[in-house]
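Down below is the structure, laid out as structure tokens.
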Amino acid sequence: MKKTTIFLLSLLLACGTFAQRNRGGNTDTYVKDHFNKKEVYITMRDGIKLFTAIYTPKDASPQKTYPILLSRTCYGVSPYGEDYKAALGPSATIMHEGYIFVYQDVRGRWKSEGTFTNMTPELDDHKTNKDVDESTDTYDTIDWLVKNIANNNGRVGQYGTSYPGFYTAAGILSNHPALKASSPQAPISDFFFDDFHHNGSFLESYIFTFPTFGVQKKDTTSKPWYNGAGNIVKSTPDGYQFLLDQGPLTSFNKWYKDNFFYQETLNHPSYDEFWQARALPKHYKKVMPAVMLVGGWFDAEDLTGPLAIHRAIAKSDPSAYNTIVMGPLAHGAWGREAPGGHAMHSNIYFGDSL
């Protein structure tokens, strides 16, 4: 695949919703009309099975082959049991261009088996089939896809924003020969300095997100198995005042004593081995896929992630196709529009999206 083609692919990944609203054809029935959907469980090297939904263009004559676009997520491939997705890929432009779209629940989430770990530590060695992480899960998934999906051309691209951006960034480390392009967007690179922590300081406003990330499910499911924060915040609609009234973080034990991620955060207040193991940048060595990182200067969640990963790849492999796009946007805002079709942060207008 030519570098210019990969660059254009990655650029389209960053265009987001603007193209969806202006290309046309993105109706409620478009996906059903033009794609066949298949749901499978792909077995990882340690025996854990990951739920995967595959959308293949209905035009599948023998002479037609398509590249694969992979998205791995902890947020649910088919939350609430939806049948077909209303739209595929990061933009309607790509949805119309001829791709096989693949969505996968990461281990321990939704319909996939296994135990969920936040920011899965990347292992230095994978000597046995028990040595698994997100890079090996990505490798095993891609290997199965190119060997088992009809009419694929043996080329895979991966993309994702925010937490799926982390899975994309970790997927680069798989170095599967079929992975040709990767676009991590607003990814977490080091959990202690991004997202839940900013430069090492815990963001107490994130206290309301622990139900989403700190409860293990008991079985495969298409419905949430955790209770949201709505049952916690009852005394006041003012979140800031609510947090002031609670006192120290330990006061949240009355809600979160069994929440594994809350307890991990509480028990590791410094940058110790627990957090160091969840840092991606130190693992980049020789990078095979073309990479385009995307981030926003007004990203209050994961500002440093794209910068840190881009810098790490540039240092470890100067010959890698390693690009980055940063804009005056909030978290993932390049993939959506403010009312009126403009790229904005708060009330600041930065011009049209395209």
Side-chain angles (χ1 to χ4, degrees), residues 13-14 16-17 31 37-42 44 48-55 68-91 94-95 99-120 132-142 144-145 156-174 179 181-189 191 195 209 211-217 220-226 261 278 280 293-294 301-302 305 331-332 334-336:
L13 293 180
T17 312
V31 176
K37 180 187 177 184
K38 183 179 181 180
E39 296 180 348
V40 300
Y41 275 90
I42 301 177
M44 302 294 102
I48 292 297
K49 296 178 174 61
L50 303 187
F51 176 77
T52 310
I54 302 166
Y55 292 81
I68 297 170
L69 275 183
L70 171 65
S71 175
R72 305 186 67 241
T73 181
C74 60
Y75 294 121
V77 167
S78 56
Y80 306 101
E82 67 179 1
D83 184 13
Y84 272 66
K85 287 185 175 295
L88 299 175
S91 73
I94 289 183
M95 184 172 68
Y99 289 88
I100 297 168
F101 297 96
V102 178
Y103 299 87
Q104 184 179 76
D105 290 331
V106 298
R107 62 173 61 215
R109 299 292 286 184
W110 300 88
K111 290 186 178 181
S112 285
E113 298 177 350
T115 300
F116 177 64
T117 301
N118 283 288
M119 285 284 290
T120 310
V132 295
D133 49 34
E134 299 305 337
S135 70
T136 62
D137 283 356
T138 303
Y139 187 101
D140 295 347
T141 297
I142 292 175
W144 189 95
L145 294 175
V156 179
Q158 187 177 359
Y159 70 97
T161 301
S162 194
Y163 220 140
F166 160 74
Y167 295 118
T168 305
I172 295 171
L173 298 168
S174 73
L179 182 62
S182 179
S183 184
Q185 303 185 15
I188 311 163
S189 65
F191 226 0
D195 218 274
T209 67
T212 304
F213 301 109
V215 179
Q216 298 287 358
K217 63 185 180 63
T220 58
T221 180
S222 61
K223 297 180 180 180
W225 60 96
Y226 49 83
F261 186 47
R278 285 159 170 75
L280 282 180
L293 290 138
V294 182
E301 295 183 55
D302 302 309
H331 187 65
W334 49 90
R336 60 184 183 272

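Side chains are part of it too, since the values below use all heavy atoms of this structure and drop only hydrogens, waters and symmetry mates. Owing to the predicted nature of the structure, the values given are computational and were not obtained by experimental measurement. Throughout, residue positions are numbered sequentially from 1 according to the sequence presented.
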### Message
Between Glu301 and Ser162, do the side chains contain a donor N or O and an acceptor N or O under 3.5 Å apart?
### Response
no
### Query
Are a donor atom and an acceptor atom from the side chains of Asp133 and Tyr139 found within less than 3.5 Å of each other?
no
Does [X] reach the side chain of [Y], with side-chain heavy atoms less than 4.5 Å apart?
| X | Y | value |
| --- | --- | --- |
| Val106 | Glu134 | yes |
| Tyr167 | Cys74 | yes |
| Val77 | Trp110 | no |
| Leu145 | Ile54 | yes |
| Lys85 | Phe101 | no |
| Arg107 | Thr115 | no |

### Message
Applying side-chain contact (heavy atoms from CB on, under 4.5 Å), can you list everything that pairs with Ser222, at least two apart in sequence or on another chain?
### Response
Lys111
### Query
With sequence neighbours left out, what residues match Val215 under side-chain contact (heavy atoms from CB on, under 4.5 Å)?
Trp225, Tyr226, Asn259
### Message
By the definition side chain to side chain donor-acceptor pair (under 3.5 Å), identify the one residue from Gln104, Arg72, Glu39 that meets it with Thr52.
### Response
Gln104
### Message
Applying the side chain to side chain donor-acceptor pair (under 3.5 Å) criterion to Tyr163, which one of Asn118, Thr168, Asp195 satisfies it?
### Response
Asn118
### Summary
ring pair (Phe, Tyr, Trp, His ring centres under 6.0 Å) test vs Phe191 passes for just one of Phe261, Phe213, Phe166, namely Phe261
### Task
Give a yes or no answer on whether the side chain of Glu113 reaches the backbone of Lys49 with a donor-acceptor pair at less than 3.5 Å.
yes
